[in-house]
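Computation of the quantities below employed the complete heavy-atom set of this structure, encompassing side-chain atoms and omitting hydrogens, waters and symmetry-equivalent molecules. Each residue takes its place number in the sequence, starting with 1.
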Amino acid sequence: MRTIASATLVFAALLSAAKTAPLSEAELKNLLAGVRQNRSTQADFQEERVIRLMKKPVVSSGRISFQPPNKFRREVKGNAPSVTVSDGRQLWIYYPTFTSAERYPLGKGSPLDSTVAAINSALNLENIENTFQINAAKMENGYELTLLPRTPSMKRAFQKLDLRINDNLRVERTDMLLPNGDRIVTTYSNQTRAPVPASTFDFKPPPGTEVTTPLGQ
């Protein structure tokens, strides 16, 4: 019985290996070029934040809009709604339940630059060859990429980023491992390439909103 079980495990491992094939440097270059040409500008998302100190993951969902290279808007729905907006120069996080907003200037060595760069890397894969070590493989229904940050600042944002890309060259799932061991797993659906109005990435706090700048800048 033990021999049969061992043989079954070996067969399963061989079968799994047969379904994956590492990409050559040229194949990876072509894949990234195709993803950038076919990247989404809007998508629905569902996110699971796996926190080591909690038994169950924190689940949220919403809508994200993106304009290359560094503008995005992320709206979280549900019991703890929030709106995160970046125009490339500053980042806003608005909490409508509490009528409060946080403003973070970007650039000039801001501590949030690496975090925003990590978000943009997952959304459009722009310039990742220069900032990450990349391992890529062809799967049965698409591709899997593992990004390992090269720079100390990016390593402070996350340890590893796994991406699943479907046969239509759309990023459909990301799995980010944070420095403290927590994970953020995001799945994308209903992706479109329709143009996004420029006003989407402008944010003005509603009247009566308490605005803070936590970094003191």
For [X], enumerate each residue passing the side-chain hydrogen bond (donor to acceptor under 3.5 Å, both in side chains) test, keeping only those at least two apart in sequence or located in another chain.
X: E129; result: R36
X: S60; result: none
X: R164; result: none
X: N141; result: none

Could you pull out all residues at least two apart from Y94 that satisfy ring pair (Phe, Tyr, Trp, His ring centres under 6.0 Å)? F203

F45 vs T186 side-chain heavy atoms within contact, under 4.5 Å: yes

Listing request: all salt bridge (charged side-chain N to carboxylate O under 4.0 Å, His left out) pairs with a residue in [range], at least two apart in sequence or in separate chains.
range: residues 92-101; result: none
range: residues 185-210; result: none
range: residues 58-72; result: D44-R63

To check you understand the geometry: which heavy-atom pair defines the closest contact between Y104 and I93, and what is its length? CE1-CD1, 3.9 Å

Is a salt bridge present between R52 and D182, judged by a nitrogen-to-oxygen distance below 4.0 Å? yes

Tabulate below the donor-acceptor pairs under 3.5 Å that side-chain atoms of residues 145-160 make, not counting sequence neighbours, or state none.
residue	atom	partner	partner atom	Å
T146	OG1	D162	OD1	2.8
R150	NE	F132	O	3.1
R150	NH2	F132	O	3.2
T151	OG1	S153	OG	3.4
T151	OG1	M154	N	3.3
S153	OG	S114	OG	3.3
Q159	NE2	L178	O	3.0
Q159	NE2	P179	O	3.2

Name the atoms and distances for all side-chain donor-acceptor pairs under 3.5 Å in residues 26-33, with sequence neighbours left out.
residue	atom	partner	partner atom	Å
E27	OE1	S24	N	2.8
E27	OE1	S24	OG	3.4
N30	ND2	A26	O	3.4

Residues Q42 and S65: side-chain donor-acceptor under 3.5 angstrom: yes

With no hydrogens and no angle check, is any side-chain donor or acceptor of T209 less than 3.5 Å from a backbone partner on V211? no

Just jot down the salt bridge (charged side-chain N to carboxylate O under 4.0 Å, His left out) partners of R173, sequence neighbours excluded, or say none. none

Could you check V185, V50, I51 and say which one makes a side-chain contact (heavy atoms from CB on, under 4.5 Å) with P57? V50

Transitively linked via ILVMFWY side-chain contacts under 4.5 Å: F201 with W92? no

Quick note, side-chain hydrogen bond (donor to acceptor under 3.5 Å, both in side chains) partners involving residues 73-85, not counting sequence neighbours, are E47-R74, R73-E75

Please evaluate residues L163 and L125 with respect to the criterion side chain to side chain contact (heavy atoms under 4.5 Å, CB included), reporting the C-alpha separation (whole Å), side-chain torsions for both, the decisive distance (0.1 Å), and the verdict. CA-CA 10 Å; L163 300 99; L125 305 185; 3.7 Å; yes

